[in-house]
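Working notes for the structure below.
Side chains included, hydrogens not; waters and symmetry mates left out as well; all remaining heavy atoms used. Per chain, numbering begins at 1; letters A, B, ... match sequence-line order. These figures come from a predicted structure and were not determined experimentally.
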Amino acid sequence: MKKLIALLLAVMMVLSLVACAAKTEEPAAEEPAAEEPAAEEPAAEEPAAEEPAAEEPAASAAGSVYYLNFKPEADAAWQALAASYTEQTGVPVKVVTAASGDYDTTLNAQMGKDGAPTLFNCGNAAALANWDSYCLDLTGTDFANELSTDSFNLYNEAGELKAAGYCYESFGIIVNTALLEEAGHSLDEITDFASLKTVAEDIHARADELGFDAFTASGLDGSSSWRFSGHLANMPLYYEFRDDGVTEQPAEITGAYMDNFRNIWDLYINNAAADPASLTSSTGDEAEAQFGNGEAVFYQNGTWEYSNLVLSDDLGYKMNAEDLAMIPIYCGVDGEADAGLCSGTENCWAVNAQASEEDIQATLDFMYWVVTSDEGTAMLAEQFGSVPFKSAKAPENVFCADANDLVNAGKYTVSWAFNYTPNVDSWRAGVVTALAAYSADQSDANWDEVVSACVDGWAIEYATVNG
Amino acid sequence: MISLRKKKKRDGSAVNSDLLRRPIRKWFPLFILPVFLCFCIGFIWPFLQGIYLSFCTFNVPSDAEWVGLANYAKAFTDASFAHAFWYTAAFAVVSIIVINVFAFTVAYALTQKMRGSNLFRTVFFMPNLIGGVVLGYIWSLIFDAILKNYGTYLAANATYGFWGLVILVAWQQIGYMMIIYIAGLQAVPEDMMEAAKIDGANGWQTLFRVTIPNVMPSITICTFLTLTNSFKMFDQNLALTGGLPQVIDKVNKVKINMSELMALNIYSTYNISNKYHGVAQAKAVIFFLLVAVLALSQQYATRKKEVQQ
């Protein structure tokens, strides 16, 4: 036995030396290829690959598309669309969806393999910094010419269009207007934080008599906490960055609007049926069910909830679209009567520049088809609502319509300041910890811990990531 | 040659005759080869590549860039890693004791002649069939429901998380270790027990002087399994608390996930940014060495106490 172990170890030592020697050469060989235009790569790979490329029409037919989808809720729609495209053109389209919250891990794993994704999601500046060398410059492609706005695109430092926002989303407070009217209020009453507070507190006070409460549970379980550590925390971040003119990731934040964060958080947790002390085990599904079953008037979430609340047969809420509206999140900031919804996107398509030429062409063709064909635009409108393409169809999603209306009425859009968050998961974990402790015991000292989790936490995460 | 011939004479007509054995002895490498290849592809190669990557910064393994010991320097100076180490060590000590003491006691009780002992064995073994993540979520619901009565919750502090995890793994693993102990206890020779009885040994004396020395091989295996299981604990930790609560050390400017075990710490390090992939890899190598050294020394220590039957 001992001899065997000794032998194995010796073999390992030798192999590891060989591996090191072999491996150090590889990156050196790859580097020049990365600097040169990506188009040269396939030619260097195999002479056989050149043959089909010589015939023009065959070239696109030879390629295939592999889309690593970022949104699990749209998986079924993408699979159907991909199948239909393959049927019509013969080009194989593979759609794989990463598990919720696991996109980065999945992308890392997939990119390391042969047959890596040709189309993937590159949603923010941090992701672009990681994947810049994998993103094809989309400038001037047929697909890019179909974009109706520039505001959701990502450019690298050289000014190349590396990722294009294919849809944008908004979040705010979803309101069940039927219940609101049943409680004797109307949507017009709510124009700022003070009026929202009045309405919410009135409903909460009469909850037993009305049979429903003001807010759904503000659960801090992992399936729900992102609504607050991510989306709600965007409010103080946005206003602070707006005042300070921040346009890139800051090393520190001041927490100037943390009192406003406290205003709205207090309103959420103290005007709901859920016990503030047990929010850590309260899930996202629970809040959705409370709203879907008409047990609460207000529910903070985004435009993507439309399909769950109105369309989904599985969930069975089947709410009336006319009874739903989305209003801005008010937290007591001056001039917020002019606020619109919080809109932005982490859904940006990037084409894998290191894929073969045929695959890149096939992918670009597929993208163009999705945003121009009748079938594709119909699917985009249904699944994603607000889509920045010239031939986009009007969304039936009322929340997207509300977002558009607010923009058209001249309200300012609250952008997604949380995209600047350094080491985002860890930062949010700190905020959730502090929010949970504060909710159980709403003292000033505990709120100071929330402020510390946001402000000190930011500085530490920034130093960790950039240190 | 002489000994061989002797053997041949003794079992010349048996199935394992020399005629059959010789080709096996000659050709066994060929038969081992497929499995050995799988082992190389699935274990040795990734292991070696992992060691290599711990000296690199990388986004995906193919664009690794050599940086020497920088990753190890970062790993050793990381306060959250040190915290995770001590937390894991404490967890391992407590869970090894709890699991083995309870498993042995239950096994001892169930090897006494009693009605329904087979049913009990089956029932106690069943928690082991449930996956770690599922267990973690279920137990977090249970703990939260209990703690709710006291106005608190599982992620409120690391102590709750610690004992929660101990209860969870004890519940999960006691049944498994019990089966091993039962096998060990049943192998204790009857005549030894009888001799002890005739010599007038009482129950405790029999237990400590006869039974336990005889089940030392089972104790070796069970402590080995519980030791490595507790050090490698990941999914239960992730699902139960996810490392929360997170505290900020304002003096040293670091954040520490208070209920984070080493494996989860490595996982979350990897996710900080692509600069940290190599650091996580370095931590994983350190982690491997640590578990290997601990497990081997434990084996050495308990093996010495085993007796020949």
Side-chain angles (χ1 to χ4, degrees), chain A residues 8 11-12 15-16 18-20 23-24 26-27 30-31 34 104-105 107-113 116 126 129-131 133-134 220-222 275 277-282 422-427 429-434 436-437 440-441 449 452-453 456-457 459-461 463-467, chain B residues 40 44-45 47-49 51-53 55-56 58-66 74 78 80 137 140-145 147-148 150-157 238-239 241-250 252-255 257-258 267-277 296:
Chain A
L8 258 177
V11 170
M12 274 181 190
L15 272 177
S16 70
V18 174
C20 292
K23 269 283 162 185
T24 38
E26 242 176 63
E30 266 183 14
E31 255 164 51
D104 290 345
T105 319
L107 182 62
N108 266 314
Q110 295 293 316
M111 276 299 190
K113 294 181 188 166
N130 281 353
W131 295 105
S133 62
Y134 285 83
L220 291 176
D221 172 86
D275 174 10
S278 59
L279 294 178
T280 49
S281 54
S282 175
N423 195 10
V424 55
D425 292 339
S426 177
W427 185 80
V431 176
V432 170
T433 300
D441 173 17
E449 290 302 313
S452 168
D456 299 331
I460 290 168
E461 299 296 5
T464 306
V465 173
N466 296 291
Chain B
C40 289
I44 294 185
W45 175 246
F47 181 76
L48 295 176
Q49 199 183 22
I51 293 178
Y52 164 68
L53 286 174
F55 296 100
C56 299
F58 64 99
N59 203 13
V60 293
S62 54
D63 54 36
E65 197 178 311
W66 186 266
K74 260 187 183 162
D78 181 354
S80 73
Y137 282 119
S140 76
L141 290 177
I142 297 173
F143 289 134
D144 271 326
L147 290 170
K148 195 175 167 182
Y150 304 96
T152 182
Y153 50 93
L154 188 62
N157 67 55
L238 179 72
T241 61
L244 292 183
Q246 187 183 67
V247 296
I248 292 180
D249 181 345
K250 283 176 201 165
N252 298 317
K253 300 232 178 257
V254 284
K255 294 174 100 175
N257 287 336
M258 298 304 286
Y267 176 77
S268 40
T269 305
Y270 185 87
N271 288 331
I272 293 175
S273 80
N274 60 347
K275 276 195 240 165
Y276 277 83
H277 293 178
L296 289 178

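- When side chains are defined from C-beta on, B:Asp144 counts as touching A:Thr280, because their heavy atoms get closer than 4.5 Å.
- Proximity to chain A is limited to the side chain of B:Ile248, based on heavy atoms less than 4.5 angstrom apart.
- Contact record, A:Trp131 with B:Val60: CH2-CG1, 4.0 Å, taken as the closest heavy-atom pair.
- Residue contact with chain B, scored on non-hydrogen atoms closer than 4.5 Å, involves the side chain of A:Asp275 exclusively.
- Smallest separation of non-hydrogen atoms from B:Asp63 and A:Tyr134: OD2-OH, 3.1 Å.
- Of the atoms belonging to A:Ser281, heavy atoms from both backbone and side chain fall under 4.5 Å from chain B.
- Considering every non-hydrogen atom in both B:Lys148 and A:Ser278, the closest pair reads CE-OG, 3.6 Å.
- Residue B:Tyr150: no heavy atom, backbone or side chain, is found under 4.5 Å from chain A.
- For B:Phe55, no part sits under 4.5 Å from any heavy atom of chain A, backbone or side chain.
- Ranking A:Ala277, A:Ala463, A:Ala440, A:Gly457 against chain B, the residue ahead of the rest is A:Gly457, based on heavy-atom pairs under 4.5 Å.
- For a residue to count as touching a neighbouring chain, one of its non-hydrogen atoms must lie under 4.5 Å from one of that chain's; by this rule B:Lys253 touches chain A with backbone and side chain alike.
- One distance of note links OH of B:Tyr267 with OG1 of A:Thr105; it measures 5.0 Å at 0.5 Å rounding.
- Contact count versus chain B (heavy atoms, under 4.5 Å) is highest, among A:Gly222, A:Ser426, A:Ala129, A:Ala109, for A:Ser426.
- In this structure, chain A has a heavy atom under 4.5 Å from the side chain of B:Ser273, while its backbone stays farther away.
- Both the backbone and the side chain of A:Asn130 come within contact range of chain B, judged by heavy atoms closer than 4.5 Å.
- Listed here is the closest heavy atom pair of B:Pro245 and A:Thr433: CB-CG2, 3.4 Å.
- Contact annotation for A:Ala436: both backbone and side-chain heavy atoms come within less than 4.5 Å of a heavy atom of chain B.
- Across all their heavy atoms, B:Asn271 and A:Asn423 have their closest contact at O-OD1, 4.0 Å.
- Considering every non-hydrogen atom in both B:Asn59 and A:Asn108, the closest pair reads O-OD1, 3.2 Å.
- Only the side chain of B:Lys275 comes within less than 4.5 Å of a heavy atom of chain A; its backbone N, CA, C and O stay farther away.
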